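Quick caveat, the model's predicted, so the values are computed rather than measured.
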Amino acid sequence: MSNFPRLQKALSRQGIHVSFRDGIYNIHNAHAAASILLPATLPLEQKAVAQLLEFASVADPQGQGAVCKACATPDFHPGSIAPVGAVVATSRDFVIPAAIGTDINCGIRIMRTGLNLAQAEAHKTNIIAKLKRAILENGRDVPVRSAGFKALFDDGPASFLEQLPELGLWRAADRDQLQRELAACVGLDSFQGDACYGPEALMQSREIVRPPSAAELGGGNHFLEFNVVDEIFDRHAAYEAGLKKGDITVMIHTGSRDVGFYVGRRWMDLAKQAWPQGLKHPSHGLYGLSGHLAAEYMKAMGVAARYAWFNRMALGEIVRQQLADIAAPDASAVIVDVPHNVVLQEGEFNVHRKGSTPAHDGQWALIPGSMGDHSYLVKGLGHEDWLRSCSHGAGRQVRRQDTRRMKQPLVDTVWQCITLREERLIEEAPSAYKPVGPVLQAQEQAGLIRASVRLKPWLTFKA
């Protein structure tokens, strides 16, 4: 905390007051207040603090809704408008589209593969070649009926699965297993939807469409990573997940791609347009929606959130089928699929999570480290003060555009990154992120989560 007195003074000049006690920063200004869970060893960033208070101050100008509570998890850092790691509860008839942004339901799916490390190492060259072609070189065939997307957006994932054609990726798919695995997807059953909010390109007159963003990782911090179960802290939880030491899992981190961009951009614009004429616009660019517009946004957001589920589900099915000659497909299973950037209706609130994860009592959550660092499968403890949430990762400490100064790409003799873009090795290097250890420990000590399984990276695929 060597920079804390200087930061206090700088924030005070902005009218922001901050105090620190027992690993928690309490911040407030004339308009809002919030709490930040952050170890003293990790930096508190001035821009992120200002963004969180701006987020917390959003209200309907006609008194139809407002933020009720704001907090942040230890991966807290600045975002484009709202800070990453923020959790904000509003009244049930009020939403803030820009707080979620365009990467709607960015999230992570973790699956067990049915392989152990010795088996995977024996087939490593083959695994790399197959997944590189399928994931990074567009060697995939993901056909979908236009009627299937309409079913997805109107009725939900279960109806979508019933519409899968006997073509391409889906020829060998176990549809019953895919239906069963819906229960492992956190929040999925609560997303609303309506096909009228989806892109027309997905619901064409043609029977079969092959969207270019189907089963696509995307850029930035998205990845597909094989991990080894390195340590078990809770053997009962590990048994529940079907994991033992030395097992290979796969994590899939991606979101709603162009559908999320379409929905998010459109509703951020609509929220701005709905601002009353003649009233000064807020400088931070965060506009809320209330009443019927809020209800419509929840359906539109649900369309993108369901597409993100489809994207991760299809990527998981690709992994299953590419490993089929060395691991039986029915040996694999989804452990959990968690969302990051969504609004979920919980109790009396609309809970906005921007780069944070639901962590209700007894619920699985996943805290990945940076590329090359450990990740943790955890159980939520449902802490009310933190809106039953936890961090979605370690959190950046170097902006992506500033990593160009980091000249040496990451090299590791055990773990390996496969990418077609060498700059990813620098942009996503562990030194660009906070260490995951203190981030995890702070949340365990505060009672947000309990670590169950530690995972060590083995192979990472990045687009």
Problem set entry | Check: Asp93 main-chain N/O paired with Ser91 side-chain donor or acceptor under 3.5 Å | no

Exercise. Which atom names give the shortest non-hydrogen contact between Pro211 and Tyr307, and what distance separates them?
Worked result: CB-OH, 3.9 Å

Exercise. So with a 6.0 Å cut-off around CZ of Arg175, is the heavy-atom count from everything else above 12?
Worked result: yes

Problem set entry | Greater than 12 external heavy atoms within 6.0 Å of Arg235's CZ | no

Exercise. With no hydrogens and no angle check, is any side-chain donor or acceptor of Thr460 less than 3.5 Å from a backbone partner on Cys417?
Worked result: no

For this session: Answer whether the closest heavy-atom distance between the side chains of Val228 and Leu455 falls below 4.5 Å.
Result: no

For this session: Indicate yes or no: at least one non-hydrogen side-chain atom of Trp170 is less than 4.5 angstrom from one of Val142.
Result: yes

Exercise. Should we say atom NZ of Lys150 is surrounded by more than 12 heavy atoms from elsewhere, each under 6.0 Å from it?
Worked result: no

Problem set entry | Steps toward side chain to side chain contact (heavy atoms under 4.5 Å, CB included) verdict (Arg210, Arg140) | CA-CA 10 Å; Arg210 287 176 168 83; Arg140 56 191 184 272; over 6 Å; no

For this session: For residues Arg353 and Ser389, determine if any side-chain heavy atom of one lies less than 4.5 Å from a side-chain heavy atom of the other.
Result: yes

Problem set entry | Straight-line distance of Asp247 CG to Lys245 NZ, nearest 0.5 Å | 12.0 Å

For this session: Mark yes when over 12 heavy atoms from residues, nucleotides or ligands other than Glu348 sit less than 6.0 Å from its CD; otherwise mark no.
Result: no

Exercise. Under 4.5 Å between any side-chain heavy atoms of Phe20 and Leu38, yes or no?
Worked result: no

Problem set entry | Lys434 with Asp75: basic N within carboxylate O range, under 4.0 Å | no

For this session: Report the residues that fulfil side chain to side chain contact (heavy atoms under 4.5 Å, CB included) with Val186, sequence neighbours left out, ordered by chain and then residue number.
Result: Val336, Val338, Pro339, Pro358, Gln363

For this session: May I ask you to test the Leu152-Val144 pair for a side-chain heavy-atom distance under 4.5 Å?
Result: no

Exercise. With no hydrogens and no angle check, is any side-chain donor or acceptor of His352 less than 3.5 Å from a backbone partner on Ala99?
Worked result: no

Problem set entry | Side-chain (Asn26) to main-chain (Ser35) donor-acceptor, under 3.5 angstrom | no

Exercise. Which residues pass the ring-ring contact (aromatic ring centres under 6.0 Å, His included) test with Phe461, sequence neighbours left out?
Worked result: none

Problem set entry | Minimum side-chain heavy-atom gap Ile335-Leu243 below 4.5 Å | yes

Problem set entry | Test item: Gln443 side-chain N/O and Pro74 main-chain N/O as donor-acceptor pair under 3.5 Å | no

Got a list of side-chain donor-acceptor pairs under 3.5 Å for residues 189-197, not counting sequence neighbours?
unit_1, atom_1, unit_2, atom_2, d
Ser190, OG, Gly187, O, 2.7
Asp194, OD1, Cys196, N, 3.0
Tyr197, OH, Glu296, OE1, 3.4

Exercise. How would you list, by chain and number, every residue that makes a side-chain hydrogen bond (donor to acceptor under 3.5 Å, both in side chains) with Gln51, sequence neighbours excluded?
Worked result: none

Seminar exercise, completed: Those residues at least two apart in sequence (or on a different chain) that pass salt bridge (Lys or Arg N to Asp or Glu O under 4.0 Å) with Arg265 are Asp269

Exercise. In Å and rounded to the nearest 0.5 Å, what is the CG to CZ distance from Leu217 to Arg257?
Worked result: 8.5 Å

Exercise. With side chains defined as the heavy atoms from C-beta onward, is the minimum distance between Glu231 and His374 less than 4.5 Å?
Worked result: no

For this session: Ignoring hydrogens and angles, tell me if any N or O in the side chain of Asn341 forms a donor-acceptor pair with the backbone of Gly355 under 3.5 Å.
Result: yes

Problem set entry | Smallest separation among heavy atoms of Ala48 and Phe76, with atom names | O-CZ, 3.2 Å

Seminar exercise, completed: Output for pair (Ile36 CD1, Ile24 CD1), nearest 0.5 Å, gives 11.0 Å

For this session: Mind listing the closest non-hydrogen atom pair of Ala442 and Pro39 along with its distance?
Result: CB-CG, 3.7 Å

Problem set entry | Glu444 side, atom CD; Cys390 side, atom SG - distance, nearest 0.5 Å | 11.0 Å

Seminar exercise, completed: ring-ring contact (aromatic ring centres under 6.0 Å, His included) filter on His253, not counting sequence neighbours, yields His222, Phe223, His340

For this session: Assess whether atom CZ of Phe233 is packed by more than 12 heavy atoms of other residues, nucleotides or ligands within 6.0 Å.
Result: yes

Exercise. Tell me, do Asn311 and Ser213 make a side-chain contact under 4.5 Å, heavy atoms counted?
Worked result: no

Exercise. Sub-3.5 Å donor-acceptor pair from the side chain of Arg312 to the main-chain atoms of Ile110, do we have one?
Worked result: no

Exercise. Can any side-chain N or O of Trp364 pair as donor or acceptor with the backbone N or O of Leu377 at less than 3.5 Å?
Worked result: no

Seminar exercise, completed: Rounded to the nearest 0.5 angstrom, the CH2-CE distance for Trp267 and Met298 is 11.5 Å

For this session: Supply the atom-to-atom distance Arg306 CZ to Met313 CE, rounded to the nearest 0.5 angstrom.
Result: 13.5 Å

Problem set entry | Donor-acceptor pair, side chain of Lys379 and main chain of Gly362, under 3.5 angstrom | yes

Exercise. Is any NZ, NE, NH1 or NH2 atom of the basic residue among Lys69 and Glu346 found under 4.0 Å from an Asp or Glu carboxylate oxygen of the other?
Worked result: no

For this session: Mark yes or no for whether Lys354, through its side chain, and Gly79, through its backbone, hold a donor-acceptor pair below 3.5 Å.
Result: no

